[in-house]
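These notes are about the structure you will find just below.
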Amino acid sequence: MEFPQQQKPAGDGKIIYPPGVKEITDKISNDEVVKRLKMVVKTYMDMDQDSEEEKQQYLSLALHLASEFFLRNPNKDVRLLVACCLADIFRIYAPEAPYTSHDKLKDIFLFITRQLKGLEDTKSPQFNRYFYLLENLAWVKSYNICFELEDCNEIFIQLFKTLFSVINNSHNQKVQMHMMDLMSSIIMEGDGVTQELLDTILINLIPAHKNLNKQAYDLAKTLLKRTVQTIETCIANFFNQVLVMGKSSVSDLSEHVFDLIQELFAIDPMLLTSVMPQLEFKLKSNDGEERLAVVRLLAKLFGAKDSELASQNRPLWQCFLGRFNDIHVPVRLECVKFASHCLMNHPDLARDLTEYLKVRSHDPEEAIRHDVIVTIINAGKKDLNLVNDQLLGFVRERTLDKRWRVRKEAMMGLAQLYKKYCLHHEAGKESAQKISWIKDKLLHIYYQNSIDDKLLVEKIFAQYMVPHSLDTEEKMKCLYYLYACLDTNAVKALNEMWKCQNMLRGLVKELLDLHKLPVSEANNTAMFGKLMSIAKNLPDAGKAQDFMKKFNQVLGEDEKLRVQLEMLISPTCSCKQAEICVREITRKLTFPKQPTNPFLEMVKFLLERIAPVHIDSEAISALVKLLNKSIEGTADDDEEGVTPDTAIRSGLELLKVLSFTHPTAFHSAETYESLLQCLKMEDDKVAEAAIQIFRNTGQKIETELQQIRSTLIPILHQKAKRGTPHQAKQAVHCIHAIFNNKEVQLAQIFEPLSRSLNADVPEQLITPLVSLGHISMLAPDQFASPMKSIVANFIVKDLLMNDRSVGNKNGKLWTTDEEVSPEVLAKVQAIKLLVRWLLGMKNNQSKSANSTLRLLSAMLVSEGDLTEQKKISKSDMSRLRLAAGGAIMKLAQEPCYHDIITPEQFQLCGLVINDECYQVRQIFAQKLHLALVKLLLPLEYLAVFALCAKDPVKERRAHARQCLLKNISVRREYIKQNPLAQEKLVSLLPEYVVPYMIHLLAHDPDFTKPHEYEQLKDIKECLWFMLEVLMTKNENNSHAFLRKMVENIKQTKDAQCPDDAKANEKLYIVCDVALFVIANKSTACHLDSPKDPVLPSKFFLIQDKHESRHLSHLSFKQPKPAPVLGAVNKPLTVPGRRIFTKTTPASDTTSNTSTNSSPLSSSTINKNSNASTEPSESRAQENNENPVIKSDEGKKDEPCQNVAADAGTEASPIKRRGRPPKSAAAPVATEKEGAATPTGGGAGRGRKRAADPNSNPESVNIKMSKQQSQNDEGTKRQIDLQR
């Protein structure tokens, strides 16, 4: 509209004042001006728009009030009154103002705006007039007049700035409402909002301003909400210029765009309707820092509690999720951090996030993997339903992360969830069941090699799984039911934890005992050894050694500290005493002026491991009470999720384990009374555990608890005579351990049992044989004469040399224990009795050991059928072979018997590891490993593992390799820790296994043709299997030592048959292959050997010096196009170690001559050879094979016959166990096997191998396609580095 011409005042321009008001000029004082203006204000306030006469009458006054005198008046009260008059004038004369000049109007509105600053002080006497001014302006919308002014924006900006600056928390709602009305009318009724005006609003949303004036922020927030429809376009234009066009100069707020977007979204998402697509563009920026800023912004928008942005804008959400795979590490890290808030506030988005978190849980950056765990755990702690099983699975995986920080976070996070939901049941049984696996998983980590992992598991167990802060009854109830719910491996781990802690307590006790002895060099050496052993059980072994030396020095100087430490490790120390002792020791070692004390931290680690925080006499008593309640049926077993039978059995097992580590805590009549009740229960396992507890803890029963003794003896007698085999064993040992008149007690058991032996009733023989065997071992002198008679007349002649029943001819190589015939079970126990009898005697004066070894060898030669009457079933023969092999191995642990075991008998024993039955191989290998790792068996038995290279089952080979690694590391560590071991290097140094291995392989019954390629390749495989592990490091020039050792063997003769040229030739050929393997594995083997190796005279005879054996004995006939010497002598293509992992493809068609597993190049081996494959067969597939070999005519031939390889090779006079010669026809596989092993042969016997994949083009194609498939999968797994 156009402004009308200015109205002319009545009376020829004379100013008419209201009645009683004198003229207002600059001649009067300010007070008088104020006085007169107040009357004018009153007049205008009373006027309304309909008073036409008055409007015309006071028009000149209205024009006069807009003069410079009033607008520039220095007096604040004058200006306020004038502003009130002007506001009323605009109200009265609306819609047309009496002022027509644009400049005048601008001056007036700027003047009024300046007066509005008076609103700031609500306590001012004039505040009501300021409020009246604001109310008038807002009600009339006076500022809308300015829309017609060219520079109206200046007025509006000044108004908005003024209002935002004056508002404060003392203003009431009316003031805020009028301000809001005034500003919103300008925005909504104008043609648009300029950038400058928008800035005056948005600046209040910036965090810095927001924190300075919260009321201004709220005002701006309300204003934007009210004007969203109008202002949204202006906001979109602003962000478009800054975000898309990059015009940061358009506004001073350009650098705060992301803060503004966050605030605007929180105010009303509608304000950003057009802005969100621009953010999608920014997410794909080439600038990593810019992408990071956008990701941070969107993380807040998507993660906000009530945000629906993800569902409303799916393209933006998907684009944001893509940033989880960003190439920029901070971007990925920010995305992972966002996931935590998102899971908590938007559970419905968990499915979208899961796949991306899965990829990030395998991120190469440690910090990102760490934050993935934190994200999931934080959400889980808030509400377990927020995290699905997949997300928890990611945390579970990270407990095995290569980085300690990540593993620790994962383990602690799971522990916190377990304590909250399983221990405290904060979310009910359903949630507890959902994460019931956590307890098992955490304990499984105790199997890890890292001491840090073990210490953390111990800490978690003490603080989260069974909190030591609980009172004793609650604590033991927690432990009782936890033990009942653990899986087998977790139970073993927990038992191992207690065992390690007990062992460490023992080391500390031995150290304290050394402090009581006089100072000497020997004492100092012994102390050093103990300190080194203790340091190995603490983190950071290097620092631990230094700190333990310092701690030992402090112990030597401080007697009170020693007393406290002795009390801490005392068997009678209670849990409460332990806390006091730890506190006192810590206090003594604390230095106030030292902020961090790593020495004290290390000592705390030690104290935490040795302090009995869970188990003492009171705790054992509480456990026994819980056990009694379970027996009586009054316990809360069902509520805890276990059956009463399970609770009783596991409770006894728990007490049995604790009886080893805390035997003193059991010594009370109440405890033993409860155990006696368990002995009378029908459950065999419960009774067995109870007997073992008595055996471990009952040393004082005879002297202090006579009533218990009188009740216990008849029960033990009954168990020894008619209990289960395990009960009988424990009963005999219990009697021997806790009673002074053990001779009388054992005689009362021995005599009736020896008289009642009857081979015709094998079912009733097993327990008596077990008892008699253990009695003869514990009291050999007392029962020497009758035992010799029993062994000769009954055990050997009547039982072992007779087959009374006919076995089941189902052809299976192995059956369950329940399916084994009683007669065979009795024979197995008879073999064990022979061994126990000999172990008790510990001498061979009567030559009984020779006879027994011949008997055991005959059993192995006859494949378990000693009488060769064909009555025994295949599975029973497997049991007897295993028993015979185990018996020889057991006797070899006793030095006096080891010396009389002949090389032939050693070889027969070793060949059991290549038995045709999978279970026999598995159990024998496990027994062999356990005896070797405890250093009970002589070193030569370590050579037996070399034969495992021929095992057709991949898992068995992998297990054998792990056993080798463990045994070699144990022996090397033992030599380092024990200075005296240097004198026994021949029996301890792992390298000395090589002569035994060479001799064993030279007498391999499959090694019949010394110049045949296939057989030499098998020898090479076995040598490589051992040497590859031995030669991992070249410590002390050991590679040259090995070469020298093998060369020295070539200067000897085979002591087993020194005059047999064929046998000696095979020995030298094996040496040649060994030399080639060593030379290809190491370039340092040709250096001078540090010392001259010593060869065992039992296996090798020194030759005359003039006989030389430096030439190679490998020779081949000319017609063969690929001489084996050429193959063997070729350099290694990849001299790496064979890797056995479970990630190998299931088809397992890789040739044994692969460059990754053999020192021979595959290109040389493939010539004129059918290299064998290694089928990955299951136990069922292997042992359900057809037990006979069918010829073309359908006739049955006996398997396992040793056939002479050719006319030039002597046939072995002994039928070898479980390893048919390579020339034997492959058995017809069952339909099941055929389906399981499509690549060929492997029938599963000890030495049988599958066909060469190179001979079958289809298998090659399969392998290539599988490899290609793996490569494709690998590509998919790579991080999507989007930019």
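As a basis for the values below, the full set of heavy atoms in this structure was taken, side chains included, without hydrogen atoms, waters or symmetry mates.
Around NZ of Lys588, the count of heavy atoms belonging to other residues, nucleotides or ligands within 6.0 Å exceeds 12. Residue Lys890 qualifies as open at atom NZ: its count of foreign heavy atoms under 6.0 Å is 12 or below. His726 NE2: 12 or fewer foreign heavy atoms inside a 6.0 Å radius. No more than 12 heavy-atom neighbours from other residues, nucleotides or ligands sit within 6.0 angstrom of CD on Gln433. The number of heavy atoms from other shown groups lying within 6.0 Å of CD (Glu608) is above 12. The environment of CZ in Phe528 is sparse: at most 12 heavy-atom neighbours from other residues, nucleotides or ligands sit within 6.0 Å. Counting non-hydrogen atoms of other residues, nucleotides and ligands closer than 6.0 Å to NZ of Lys509 gives a total of 12 or fewer. Surrounding NZ of Lys454 are more than 12 heavy atoms belonging to other residues, nucleotides or ligands, all under 6.0 Å away.
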**Request:** Give the intermediate values and the outcome of side chain to side chain contact (heavy atoms under 4.5 Å, CB included) for residues Arg407 and Ser450.
**Result:** CA-CA 11 Å; Arg407 294 200 307 274; Ser450 167; 3.9 Å; yes
**Prompt:** Where do Glu653 and Lys656 land on the salt bridge (Lys or Arg N to Asp or Glu O under 4.0 Å) test, with the steps shown first?
**Reply:** CA-CA 5 Å; Glu653 285 297 317; Lys656 183 179 81 173; 3.2 Å; yes
**Message:** Under the criterion salt bridge (Lys or Arg N to Asp or Glu O under 4.0 Å), I'd like the reasoning laid out for Lys576 against Glu579: C-alpha separation, chi angles, the key distance, then a yes or no.
**Reply:** CA-CA 5 Å; Lys576 292 179 181 177; Glu579 289 182 14; over 6 Å; no
**Message:** Run Asp558 and Arg562 through salt bridge (Lys or Arg N to Asp or Glu O under 4.0 Å) and show every step you take.
**Reply:** CA-CA 7 Å; Asp558 192 335; Arg562 290 201 304 274; over 6 Å; no
**Asked** salt bridge (Lys or Arg N to Asp or Glu O under 4.0 Å) between Glu601 and Lys543: does it pass, once the steps are laid out?
**Response** CA-CA 11 Å; Glu601 291 302 314; Lys543 290 183 180 178; over 6 Å; no
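Under the 3.5 Å distance criterion, with hydrogens and angles disregarded, a donor-acceptor pair is assigned to the side chains of Thr697 and Tyr672. For the residue pair Gln926 / His959, a side-chain donor-acceptor distance below 3.5 Å is found, with atom types taken as modelled. Judged purely by distance below 3.5 Å, without hydrogens or angles, the side chains of Asn495 and Tyr483 pair a donor atom with an acceptor atom. There is a side-chain donor-acceptor pair under 3.5 Å between His515 and Asn552. No side-chain donor-acceptor contact under 3.5 Å links Gln692 and His733.
Taking 4.5 Å as the limit, every side-chain heavy atom of Glu640 sits out of range of all side-chain heavy atoms of Tyr480. Side-chain contact between Arg609 and Cys500: present, with at least one pair of heavy atoms (C-beta onward) separated by less than 4.5 Å. Proximity of Ile693 to Cys678: side-chain heavy atoms (C-beta onward) are nowhere separated by under 4.5 Å. When side chains are defined from C-beta on, Phe666 counts as touching Leu655, because their heavy atoms get closer than 4.5 Å. Between Lys685 and Thr724, every side-chain heavy-atom pair lies at or beyond the 4.5 Å cut-off. Looking at Gln699 and Glu704, their side chains never come closer than 4.5 Å, going by heavy atoms from C-beta outward. Proximity of Pro644 to Asp638: side-chain heavy atoms (C-beta onward) are separated by under 4.5 Å at one or more points. Counting heavy atoms from C-beta on, the side chains of Leu486 and Lys439 come closer than 4.5 Å.
To the nearest 0.5 angstrom, His717 atom NE2 is 11.5 Å from Arg722 atom CZ. Here Met527 contributes atom CE and Leu517 contributes atom CG; the two are 7.5 Å apart, rounded to the nearest 0.5 Å.
Distance alone, capped at 3.5 Å, places no donor-acceptor pair between the Ser570 side chain and the Glu566 backbone. Checked by atom type and distance alone, the side chain of His425 pairs as donor or acceptor with a backbone atom of Cys422 at under 3.5 Å. Judged by distance alone, the side chain of Thr661 and the main-chain N or O of Asn502 form no donor-acceptor pair under 3.5 Å. A donor-acceptor pair under 3.5 Å is formed between the side chain of Thr711 and the backbone N or O of Gln707. Side-chain N or O atoms of Gln727 include one that pairs as donor or acceptor with a backbone N or O of Asp684 at under 3.5 Å. Side-chain N or O atoms of Asn523 include one that pairs as donor or acceptor with a backbone N or O of Leu514 at under 3.5 Å. Side-chain atoms of Lys419 never come within 3.5 Å of backbone atoms of Tyr464 as a donor-acceptor pair (strictly under, hydrogens ignored). A donor-acceptor pair under 3.5 Å is absent between the side-chain atoms of Arg649 and the main chain of Val686, judged by distance alone.
The pair Glu584-Arg587 meets the salt-bridge criterion, with a side-chain N (NZ, NE, NH1 or NH2) lying under 4.0 Å from an Asp/Glu carboxylate O.
Ring orientation note: the planes of Phe599 and Phe547 are tilted relative to one another, at an angle of 30° to 60°. The aromatic rings of Phe461 and Trp498 stand perpendicular to each other, their planes meeting at an angle above 60°, with 30° marking the opposite boundary.
For Tyr421, there are no ring-ring contact (aromatic ring centres under 6.0 Å, His included) partners two or more places apart in sequence or in a different chain.
Met411 pairs with exactly one of Val395, Leu456, Ile438 by the side chain to side chain contact (heavy atoms under 4.5 Å, CB included) rule, that one being Leu456.
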